[in-house]
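Reading through the structure tokens given below for one structure.
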Amino acid sequence: MDKRFIYADNAATTAVSEEVLNAMMPHFREAYGNASSIYELGRNAQRDIENARAKVAKAIGADPNEIFFTSCGSESDNWAIKGTAERMAKKGKKHIITSVFEHHAVLHTTEYLEKQGFEVTYIPVDEKGLINPEDIRNAIREDTALVTIMYANNEIGTIQPIDEIAKICNEKKVLFHTDAVQAVGHVEIDVHRQGIDMLSLSGHKIHAQKGIGALYVRKGIALPNLIHGGGQERNKRAGTENVPAIVGLGVAIESACKNIAEKAEIITPRRNRLIDGILELPYTRLNGDRDKRLPGNLNISIEGIEGESLLLMLDMYGICASSGSACTSGSLDPSHVLLSIGLKHEIAHGSLRLSIEEDITDEDVDYILEVIPKVVDRLRSMSPVWEKMMKGESYE
Ligand SMILES: *Cc1c(COP(=O)(O)O)cnc(C)c1O
């Protein structure tokens, strides 16, 4: 077995594509103008930003003047949530609804707002990692300022019933924001048709660079600034525009959203082969609904091992994977997402997330399916927990 290098962690970040890099390059050394300057070099930068804005808008079914560039997906989430909270608090609405398994960019923001006197309802998810829209309907109150529910979960890849949730929010006249960082480029999105009021996206999950994101805010919603200063982004988000990154995001999102269905057709069978192959190991389970999930995501719990050891062993075989989310690895707390779908701590600890794209070949899949059982056998043979399990002893 020849060692390969396989990047199966695209939910953590992606490589900048050649196409994106080529589009960005002139903006560092030749087309470096400040978009606020009135001479041609500046005007060209402004024009290129607006072209990119049009591309982002088109990719999600928005109008260009509804798109604001930010520094990342986390900033977009913070802005949508804190901005709405600030705005609605003035109307006496200080209740926010979100879910228990959001990304920390959302959860830590709502926890911050709780300390500022807001009340937050955390909607549970079922054992398949799905939210029941009726739970949202039941949680909405007179003083609800915002519902924020992620489009697709970053760890277990489950795609939420966004259309139904948006419909309920529209009926109840409550603003609806979605963190779509994992969904953009993998799921068809049309914010106007779907009734989404605000949507966060990020560049580095779709082959643009790290440190660029965007927030869609439906026309008519006056979100207060998160960053104050100059008049950039129509006075809504100060700071000299990161032109290369913005241009790159435009190219990246256009490319990512061009052939979503075709990509899914290539990836899904390979993803399914990985799922079925790994589930042949005893004491394993797939986390998240099998069908309502991102085409490239699989998340499997493997009992009797620790996620971190598994990742290190896979790394020795050239496989980049993840266990829990990148933000929580390094800490010993099991993933809040895996706990939210009802996994016990020990089982949540031994989880593996692979997030693949269409560049993964059938040979890569073969290789992964050859490596994982070997590594798992090895780790289990050294594991006291596994030993106890096999003797039928309690190990909790
Ligand atoms: C990666 C990610 C974010 C954060 O985006 P950054 O650009 O890294 O700040 C937010 N939400 C979800 C679901 C993500 O996967």
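Being a predicted model, the structure only gives us computed values, none of them experimental. Both counts, for ligands and for their atoms, begin at 1 and track the order of listing. Numbers for residues simply follow the sequence, beginning at 1.
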Short N/O distance, under 3.5 Å, between Gly73 and ligand 1? yes

Mark up the atoms of ligand 1 that fall under 4.0 Å of a heavy atom belonging to Ser74, in ascending order. 4 (C), 5 (O), 6 (P), 9 (O)

Is there a donor in the side chain of Glu111 and an acceptor in the side chain of His104, or the other way round, less than 3.5 Å apart? no

As an exercise, identify every atom of ligand 1 less than 4.0 angstrom from a heavy atom of Cys72. 6 (P), 7 (O), 9 (O)

Side chains of Ser301 and Asn287: is there a donor and an acceptor less than 3.5 Å apart? yes

Identify, for atom 7 (O) of ligand 1, the protein heavy atom at the shortest distance, and state residue, atom and that distance. Ser202 OG, 2.7 Å

Considering distance alone, does some N or O of Asn154 sit under 3.5 Å from an N or O of ligand 1? no

Just to verify, which of His177, Lys82, Met150 counts as forming a side chain to side chain contact (heavy atoms under 4.5 Å, CB included) with Asp77? His177

Should the pair Lys3 and Tyr317 be classed as cation-pi, given the thresholds of under 6.0 Å to the six-membered ring centre and 45° from the axis? no

Distance from atom 11 (N) of ligand 1 to nearest protein heavy atom, with residue and atom: Asp179 OD2, 2.6 Å

Counting only heavy atoms, which portion of Lys205 has something under 4.0 Å from ligand 1: side chain, backbone, both, or neither? side chain

When you compare the side chains of Tyr122 and Thr110, does any donor N or O come within less than 3.5 Å of an acceptor on the partner? yes

Closest protein heavy atom to atom 8 (O) of ligand 1, given as residue, atom name and distance to 0.1 Å: His204 NE2, 2.8 Å

Phe68 six-ring centre to Lys236 NZ/CZ under 6.0 Å and within 45° of normal: no

